[in-house]
Amino acid sequence: MTLTSPFVRRFRLLALLRASLVAAAVYDLGFAVLMVAAPEVPARLFDLPLPPLPRGAFYLWILATLLAMLACLYLAAAYDPRRYSVIIAVAIGGRMVGALAFLVAALLGPDLRGLLPLAAADFAFGAVHAAAWFPIRS
């Protein structure tokens with residue numbers, strides 16, 4: 001007997017959800033490491049201003065800490081999506097609101113156009129999380 005289509009679809013969506021959560025965790029952790037170890041790299045890559053260093057590094061370290069914490073939460077949700085479903089809901093909302101915030105900042109700040117790729121990445125993560133999670137969340 002073959003697997004019925006709803007079960008196969010659910011399994012594929014679950015695999016996509018887990019993969020997207022792990023990818024988002026790696027993405028956030030990568031930025032966290034760069035913000036502490038080499039903040040000039042993403043600043044140069046995205047043509048974004050840095051706070052005055054070394055005193056302004058504190059702000060980058062706080063953001064890096066929050067990104068690392070978020071990455072850990074994503075990994076927990078990828079490990080057990082049913083148990084940590086609230087993290088997935090927050091991830092979807094957070095990515096979408098983050099994308100909107102990056103977009104607005106990029107449109108209002110003439111020197112912040114480098115935020116557009118980050119807005120697109122946040123939107124893509126949020127959309128994939130939502131597309132994979134909403135059909136299987138019950």
Side-chain angles (χ1 to χ4, degrees):
M1 185 169 149
T2 62
L3 292 174
T4 59
S5 180
F7 293 115
V8 171
R9 182 173 182 266
R10 185 175 180 85
F11 177 77
R12 287 184 179 152
L13 288 172
L14 183 59
L16 175 62
L17 175 63
R18 286 181 164 161
S20 72
L21 289 167
V22 170
V26 170
Y27 174 83
D28 287 343
L29 194 56
F31 269 102
V33 169
L34 285 174
M35 290 172 88
V36 172
E40 64 281 348
V41 172
R44 188 176 39 237
L45 182 65
F46 295 105
D47 192 28
L48 294 169
L50 279 174
L53 299 177
R55 287 182 54 99
F58 166 78
Y59 298 104
L60 296 176
W61 298 345
I62 293 297
L63 290 172
T65 301
L66 294 172
L67 281 175
M69 291 168 57
L70 182 62
C72 291
L73 289 172
Y74 276 19
L75 293 175
Y79 177 74
D80 193 348
R82 184 174 210 107
R83 181 176 185 183
Y84 299 110
S85 61
V86 70
I87 294 172
I88 298 168
V90 171
I92 293 167
R95 289 291 182 179
M96 293 303 186
V97 171
L100 182 61
F102 281 147
L103 179 63
V104 169
L107 295 176
L108 294 179
D111 60 339
L112 299 177
R113 296 279 186 223
L115 293 176
L116 290 174
L118 301 176
D122 266 7
F123 180 81
F125 278 125
V128 172
H129 297 338
W133 183 65
F134 281 122
I136 64 171
R137 72 182 183 275
S138 58

For R18, all residues meeting salt bridge (charged side-chain N to carboxylate O under 4.0 Å, His left out), sequence neighbours excluded = none

Note: A71 and D28 closest approach over all heavy atoms is CB-CB, 4.4 Å

CZ (R82) and CD1 (I88) are apart, to the nearest 0.5 Å, by 11.0 Å

Roughly how far apart are R137 CZ and L13 CG, rounded to 0.5 Å?
-> 12.5 Å

Would V128 and Y84 show up in the same hydrophobic cluster when neighbours are defined by side-chain heavy atoms closer than 4.5 Å?
-> no

More than 12 heavy atoms of other groups within 6.0 Å of F134 CZ = yes

Sequence neighbours left out, what pairs pass ring-ring contact (aromatic ring centres under 6.0 Å, His included) with at least one residue falling in residues 105-130?
-> Y27-F125, Y74-H129

Identify the heavy atoms of G126 and M96 that sit nearest to each other, and give their distance.
-> C-CE, 3.4 Å

Cluster check V86, Y79: I/L/V/M/F/W/Y, side chain < 4.5 angstrom = no

Going hydrophobic residue to hydrophobic residue with side-chain gaps under 4.5 angstrom, can you get from L73 over to L66?
-> no

Just how far is it from atom CG of L118 to atom CG of L103, taken to the nearest 0.5 Å?
-> 12.0 Å

Under 4.5 Å between side-chain heavy atoms, hopping through other hydrophobics if needed: is there a path connecting F102 to L60?
-> yes

Sequence neighbours left out, cut at 3.5 Å: what donor-acceptor pairs do the side chains of residues 39-57 make with other protein atoms?
none

Measuring from L107:CG to L116:CG, what's the distance to the nearest 0.5 Å?
-> 6.5 Å

Criterion side-chain contact (heavy atoms from CB on, under 4.5 Å) on L75 and L21, from CA distance to verdict | CA-CA 7 Å; L75 293 175; L21 289 167; over 6 Å; no

Identify the heavy atoms of R113 and P117 that sit nearest to each other, and give their distance.
-> O-CD, 3.9 Å

Determine yes or no for a side-chain-to-main-chain donor-acceptor pair under 3.5 angstrom, with R12 supplying the side chain and R9 the backbone.
-> no

Measuring from S20:OG to W133:CH2, what's the distance to the nearest 0.5 Å?
-> 12.0 Å

Heavy-atom nearest pair, A68 first then A32, reads N-CB, 4.1 Å

What are the two closest non-hydrogen atoms of P135 and A130, and how far apart are they?
-> CD-O, 4.0 Å

When every non-hydrogen atom of A119 is compared with those of A99, the smallest separation belongs to O-CB, 3.4 Å

Roughly how far apart are I136 CD1 and F11 CZ, rounded to 0.5 Å?
-> 11.0 Å

